[in-house]
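Below you'll find the structure, written out as C-alpha cells, and then a few comments.
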Amino acid sequence: MKAIIHANSRGLQGLTYADIQDKQPGEQEVKVKLKAAGLNHRDLFIMEERNEGASPFVIGSDGAGRIEAVGEGVTQLSIGSEVVINPCIGWESSAEVPTVPDILGDPVDGTLAEYVIIPARNVFTKPTYLTWEEAGVLPLSAQTAYRALFTRGNLQRGEHILIPGIGGGVATYAMLMALAAGAKVTVTSRSESKRHAALAYGAHDALDSHGHWEDHIGYGKIDLILDSIGPAMFQDYFKVIKPNGRIVMFGASSGDRLEIPIREVFFPQISIIGTSMSSRQEFIEMLQFVEKHSIRPVIDKVFPLQDAAMAFQRMKRGEQLGNIGIKIG
C-alpha cells in the first residue's frame, strides 16, 4: 500500500511517499481504509526529534474511513462502516492520566497511508453531516481542545476566554467550542487576515498578538486562557486574567522554558493547568458535543497523499488557519 513514511533524516527531509507492506488486523483490531487524514504540529515535533537511522514509520494521527476488515473477537463493528479514529491508544478514563499515551503516528504506524490497523475500541461512527475531509482532520486537535476547555479549564457559559495565537487546529476548535458553550471569546494573532477570519467565524474580538491587550480588554477581565505558545506570551497573561483565573497549557511553540512571576500567581490565586490530548471517555464526549452543536472543522487546505511534504511545509511556515487535510484514494 502507499504511505508517507519518515526515515533516514531529521525533519521534513526524511519524508517519502512509498509502497509498504500491507497487513491484516489481529485480535480486537480493525483495518480501516482511509478516505482522509489530517496534520498536527505533533508530527513536526516528532520528525525533528528523530535520530538518523531510526526505524521507518508511517506518520500521522488523524483519520477517517471505512472498515475494511475486522480481527478475531470484534463483534460490535461491521465491514463497510464509516468511522472516525481516536488516535490515543489505551487511555480510557479522564481521571487516569498516562505518563505518555501511545498515539498513532509514533510509536505505532499512523494515518498518512491507504490503510491503518488500530484497536477496535479506537473507532467511532463518523458524524454523518461531516465530509470525509472534515472527519479526517477532527480527532487529535478536537479532543485536545475539548479536554482543555471543559475537563481541565472548566469553562462555564458567560465566561470570557482568551485564545492567543489563533490559526492552528486546537485553537480554532477551541474557539468554535467555546462559542457553542456560550462563552465570550477573544483571540489574538500576528496576522491581520487570521484576525478577520476569526471574527467571521464568530469570535467576539481579535487582537494583535504584539499589542497591549490590557488597553483593549481591560485589567483582570479574562476567566480562562488557553496557552499553546509558552514563554513568548506568558508574562502578558497576568495583565488581563482575573483573580482565581485559569491558564490551561497544551503547547509550547515558542519554547519550553519560562519564568513564572510567583507573586502574580499566588496573590490572585491563579491556576496553571497542563493538558494534552484526551481519554477515550472525552473523545466520546467531544463527538457528542460537536454533533449537538453541528460544529464543522475549519479546513485550511486539502492536499493529496503524495503531496504530504508540501502540506507539512505549509504548516511549518505557520500559514494555515485551521486544519490541513490529506485526501487519500
Side-chain angles (χ1 to χ4, degrees), residues 134 137-138 141-230 232-234 236-251 253 270-273 275 278 282 285-286 288-300 318 320-323:
E134 289 170 335
V137 303
L138 182 73
S141 294
Q143 68 184 142
T144 300
Y146 184 88
R147 177 175 170 83
L149 286 174
F150 302 115
T151 306
R152 303 293 281 157
N154 193 30
L155 180 67
Q156 302 296 311
R157 176 175 292 276
E159 288 191 317
H160 192 173
I161 180 173
L162 176 66
I163 306 174
I166 196 68
V170 179
T172 51
Y173 281 120
M175 175 183 68
L176 297 175
M177 290 178 184
L179 289 168
K184 180 179 180 180
V185 179
T186 296
V187 305
T188 80
S189 176
R190 294 173 295 178
S191 164
E192 184 177 2
S193 64
K194 290 182 181 181
R195 296 197 297 271
H196 286 309
L199 293 172
Y201 279 107
H204 297 95
D205 219 339
L207 309 179
D208 189 331
S209 293
H210 297 300
H212 297 285
W213 304 341
E214 66 276 14
D215 294 343
H216 195 89
I217 298 172
Y219 287 89
K221 298 296 183 182
I222 299 294
D223 297 283
L224 173 64
I225 297 172
L226 238 58
D227 176 44
S228 64
I229 297 171
M233 296 289 178
F234 194 76
D236 295 327
Y237 299 160
F238 297 94
K239 301 174 184 177
V240 295
I241 196 166
K242 285 181 179 180
N244 206 36
R246 294 97 68 200
I247 300 171
V248 176
M249 308 183 75
F250 66 89
S253 61
I270 303 301
S271 296
I272 300 174
I273 305 163
T275 192
S278 83
E282 290 157 311
E285 293 170 1
M286 178 274 290
Q288 293 170 341
F289 185 89
V290 299
E291 289 195 84
K292 176 182 178 181
H293 297 284
S294 298
I295 293 174
R296 289 184 176 274
V298 177
I299 294 184
D300 172 75
Q320 83 280 6
L321 176 71
N323 291 88

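What you are looking at is a predicted structure, and each value in this text was computed from that prediction instead of being measured.
For the atom pair Arg246 CZ and Leu224 CG, the distance stands at 5.0 Å (nearest 0.5 Å). Distance CE/Met286 to CG/Leu138: 4.5 Å, rounded to 0.5 Å. Here the CD1 atom belonging to Ile225 is positioned 8.0 Å from the CZ atom belonging to Phe238, to the nearest 0.5 angstrom. Put simply, CD1 on Ile273 and CZ on Phe250 are 13.5 Å apart, with the number rounded to the nearest 0.5 Å. Here Thr186 contributes atom OG1 and Met175 contributes atom CE; the two are 12.0 Å apart, rounded to the nearest 0.5 Å. Atoms CG and OH, from Asn323 and Tyr173 in turn, are 4.0 Å apart once rounded to the nearest 0.5 Å.
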key: Leu321/Tyr201 under side-chain contact (heavy atoms from CB on, under 4.5 Å): CA gap, chis, key distance, verdict   = CA-CA 11 Å; Leu321 176 71; Tyr201 279 107; 4.3 Å; yes
task = Kindly determine whether His210 and Thr188 satisfy side-chain contact (heavy atoms from CB on, under 4.5 Å), including the steps that lead there.
result = CA-CA 9 Å; His210 297 300; Thr188 80; over 6 Å; no
task = Start with the C-alpha gap between Glu285 and Glu282, add the side-chain angles, then the distance that decides, and say whether side-chain contact (heavy atoms from CB on, under 4.5 Å) holds.
result = CA-CA 5 Å; Glu285 293 170 1; Glu282 290 157 311; 4.1 Å; yes
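The backbone N or O of Val185 lies less than 3.5 Å from a partner atom in the side chain of His204, making a donor-acceptor pair. Side-chain atoms of Asp223 do not come within 3.5 Å of backbone N or O of Ile161 as any donor-acceptor pair. Between the Trp213 side chain and the Asp208 main chain, a donor and an acceptor come within less than 3.5 Å of each other. In this structure, the side chain of Lys221 does not engage the main chain of Glu214 through any donor-acceptor pair within 3.5 Å. Although no hydrogens or angles enter the test, the distance criterion places no donor-acceptor pair under 3.5 Å between the side chain of Asp300 and the main chain of Gly322.
More than 12 non-hydrogen atoms from other residues, nucleotides or ligands lie less than 6.0 angstrom from CZ of Arg296.
The shortest heavy-atom contact between Ala145 and Val170 is CB-O, 3.7 Å. Between Ser228 and Pro164, the shortest heavy-atom distance links the atoms OG-O, 4.4 Å. The shortest non-hydrogen separation linking Met249 to Asp227 is CE-OD2, 3.1 Å. Heavy atoms only, all atoms of each residue included: Ala178 and Leu149 are closest at N-CD1, 4.0 Å. In this structure, Ser189 and Lys194 approach most closely via the heavy-atom pair OG-CB, 3.6 Å. In terms of heavy atoms, Ala171 sits closest to Gly165 at CB-O, 4.1 Å.
Taking the side chain as every heavy atom from C-beta outward, Arg195 and Ile166 never approach each other to under 4.5 Å. With a 4.5 Å cut-off on side-chain heavy atoms, Leu162 and His160 do not count as touching. At a threshold of 4.5 Å between non-hydrogen side-chain atoms, the residues Leu207 and Asp205 count as touching.
Tested against Ser278, the residues Arg147, Gln143, Arg152 include a single side-chain hydrogen bond (donor to acceptor under 3.5 Å, both in side chains) partner, Gln143.
Between His293 and Phe289, the ring planes are tilted. Angles from 30° to 60° get that label.
One side chain, Ser193 or Ser191, offers a donor N or O that lies under 3.5 Å from an acceptor on the other.
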